[in-house]
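Let me begin by presenting the structure, written as structure tokens, before commenting on it.
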Amino acid sequence: MSVARVVEGLLVVAFLFEVVGCVLVAGRAPGSPLEPNMAAGALLALLPVVYAGIVIIKHCGRVVAKARLETLYPNEPNRRLNYRVKFGDQSWQLVVHVLLSALAYFILRVEDGGVAWLDDHTSLWLPEAIGGTAGIFANRSRPSVHLLYLLQAAAWIVTAVSHVWLEERHKDYLMMLVHHVVTLALILLSYHFNFVKLGVVIMFLHDSSDIVIDLLKLCNYLNLEGISGLFAVEACFITNFVTW
């Protein structure tokens, strides 16, 4: 057995343990609007919904890209198919990043006048300053924070399942599997230990920064560059450079 297969097996086992962990800790952090059993049920119910949403968005993205790609590559069917698949895959990532970023932004800036977590790093650890480490564990969070964690966990579980068992394997398969496992571990542990303030900030920065990358890739697949493409690729590249 090759080293790669051993590493893959260990990562898959770790992922399965994380899924069980997410189900067990769901609704157990202070301030959850749902009882643990109901929160666990909501997480499991979200999985097929998220998967169905991803499939629908992929299909819509491929339909949108079809006419443009046929114009660009009339005599290259394999290239058209490859770009259509990539466009669909990137489309669902764009939608997920936008929706999750919007919810995190609502928590940080809108709900009840917003919070200082994004601007003042000391606010992330405030309970520790006034009540010791126990203050962090006991600090109650808004229902919106629990909703964000629930959606994040569902999205990453579904994408990991798809990556391992449903999608065609690419050269970066193991690297992306590590990414899925580590990300889900961070979501699980930050929720379990109630470090959700820091979690919300990181989720917002992570998802919002990916939006421009998604747009850059989508514009590139459709060759929207130069005057004919209204300099969309160039604008996204510069924006991505600045935001990152």
Side-chain angles (χ1 to χ4, degrees), residues 2-5 7-9 11-12 15 47-102 151-152 154-184 203 205-244:
S2 66
V3 175
R5 292 301 297 271
V7 172
E8 178 189 358
L11 289 171
V12 171
F15 164 68
L47 300 182
V49 175
V50 171
Y51 178 73
I54 290 175
V55 171
I56 292 172
I57 296 169
K58 279 185 178 182
H59 175 73
C60 293
R62 292 171 186 175
V63 171
V64 169
K66 182 179 180 181
R68 173 70 176 176
L69 292 174
E70 287 179 348
T71 302
L72 291 172
Y73 313 108
N75 301 317
E76 301 178 69
N78 291 335
R79 191 173 186 179
R80 290 202 307 268
L81 177 60
N82 183 40
Y83 279 6
R84 281 186 67 193
V85 171
K86 289 184 176 180
F87 192 92
D89 291 344
Q90 207 65 48
S91 296
W92 78 257
Q93 292 187 48
L94 173 63
V95 172
V96 170
H97 290 147
V98 168
L99 293 178
L100 292 178
S101 295
L151 292 173
Q152 286 278 0
W156 282 98
I157 289 173
V158 169
T159 52
V161 169
S162 179
H163 181 73
V164 175
W165 289 290
L166 303 178
E167 298 175 4
E168 180 182 351
R169 297 194 174 185
H170 302 287
K171 293 181 179 180
D172 62 348
Y173 168 77
L174 276 181
M175 183 182 300
M176 291 306 300
L177 180 55
V178 171
H179 180 265
H180 290 314
V181 170
V182 171
T183 303
L184 193 58
M203 289 173 186
L205 295 175
H206 179 276
D207 291 328
S208 62
S209 63
D210 278 343
I211 292 175
V212 183
I213 295 179
D214 295 332
L215 291 172
L216 174 60
K217 290 182 178 180
L218 292 173
C219 291
N220 187 52
Y221 294 144
L222 300 184
N223 197 27
L224 298 177
E225 60 184 13
I227 297 177
S228 61
L230 300 177
F231 298 100
V233 171
E234 291 85 349
C236 288
F237 178 81
I238 294 172
T239 305
N240 179 64
F241 181 79
V242 173
T243 55
W244 272 73

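Quick note: numbers below take in every heavy atom, side chains included, and nothing from hydrogens, waters or symmetry partners. Residue numbers run from 1 in the order of the sequence given.
- With rounding to the nearest 0.5 Å, the separation of CD in Glu167 from OG1 in Thr159 is 8.5 Å.
- Expressed to the nearest 0.5 Å, how far OG of Ser91 lies from CD1 of Ile57 amounts to 8.5 Å.
- At least one donor-acceptor pair closer than 3.5 Å links the side chain of Glu234 to the backbone N or O of Gly226.
- We find the OG-NE2 distance between Ser101 and His206 to be 10.0 Å, quoted to the nearest 0.5 Å.
- You'll find the side chain of Leu177 reaches within 4.5 Å of the side chain of Val164, heavy atoms only.
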Please lay out, stage by stage, how Gln93 and Asp210 fare under the test side chain to side chain contact (heavy atoms under 4.5 Å, CB included). CA-CA 9 Å; Gln93 292 187 48; Asp210 278 343; over 6 Å; no
Step by step, work out the side chain to side chain contact (heavy atoms under 4.5 Å, CB included) result for Asp214 and Val95. CA-CA 9 Å; Asp214 295 332; Val95 172; over 6 Å; no
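- One finds the CD atom of Gln152 at 11.5 Å from the CD1 atom of Ile157 (value rounded to the nearest 0.5 Å).
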Go through the steps to decide whether Asp207 and Ile211 satisfy the test side chain to side chain contact (heavy atoms under 4.5 Å, CB included), and finish with yes or no. CA-CA 7 Å; Asp207 291 328; Ile211 292 175; over 6 Å; no
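- Seen from the ring of Tyr173, Arg169 counts as a face-on cation partner, given the 6.0 Å and 45° thresholds.
- Heavy-atom minimum distance, Phe15 versus Trp165: CE2-CZ3, 4.0 Å.
- Taking Tyr51 as the reference, nothing meets the ring pair (Phe, Tyr, Trp, His ring centres under 6.0 Å) condition, with sequence neighbours excluded.
- Annotation for Asn240 and Ser209: closest pair OD1-O, 4.4 Å, computed over non-hydrogen atoms.
- Using a 4.5 Å cut-off on side-chain heavy atoms (C-beta onward), Leu216 and Thr239 make no contact.
- Residues Thr243 and Val212 share a closest heavy-atom pair of OG1-CG2, 4.4 Å.
- Under a 3.5 Å cut-off, the side chain of Thr71 and the backbone N or O of Ala67 do form a donor-acceptor pair.
- Scanning all heavy atoms of the two residues, the minimum distance from Gly61 to Phe87 falls at O-CD2, 3.1 Å.
- In this structure, Lys86 NZ and Leu69 CG are separated by 11.5 Å, a value rounded to the nearest 0.5 Å.
- Separating the CG atom in Leu72 from the CG atom in Asn223 is a distance of 5.5 Å, to the nearest 0.5 Å.
- Remark: the backbone N or O of His180 is not paired with any side-chain donor or acceptor of Thr183 at under 3.5 angstrom.
- Residue pairs meeting the side-chain hydrogen bond (donor to acceptor under 3.5 Å, both in side chains) criterion with at least one member in residues 59-69, sequence neighbours excluded, do not occur.
- Side-chain rings of Trp92 and His97 stay apart, their centers remaining 6.0 Å or farther from each other.
- Contact between Leu47 and Val158 at its shortest, heavy atoms only, is O-CG2, 3.4 Å.
- Minimum heavy-atom separation, Arg80 to Asn75: NH1-N, 4.1 Å.
- Counted by atom type alone, Asn220 and Glu225 present zero donor-acceptor pairs between their side chains at under 3.5 Å.
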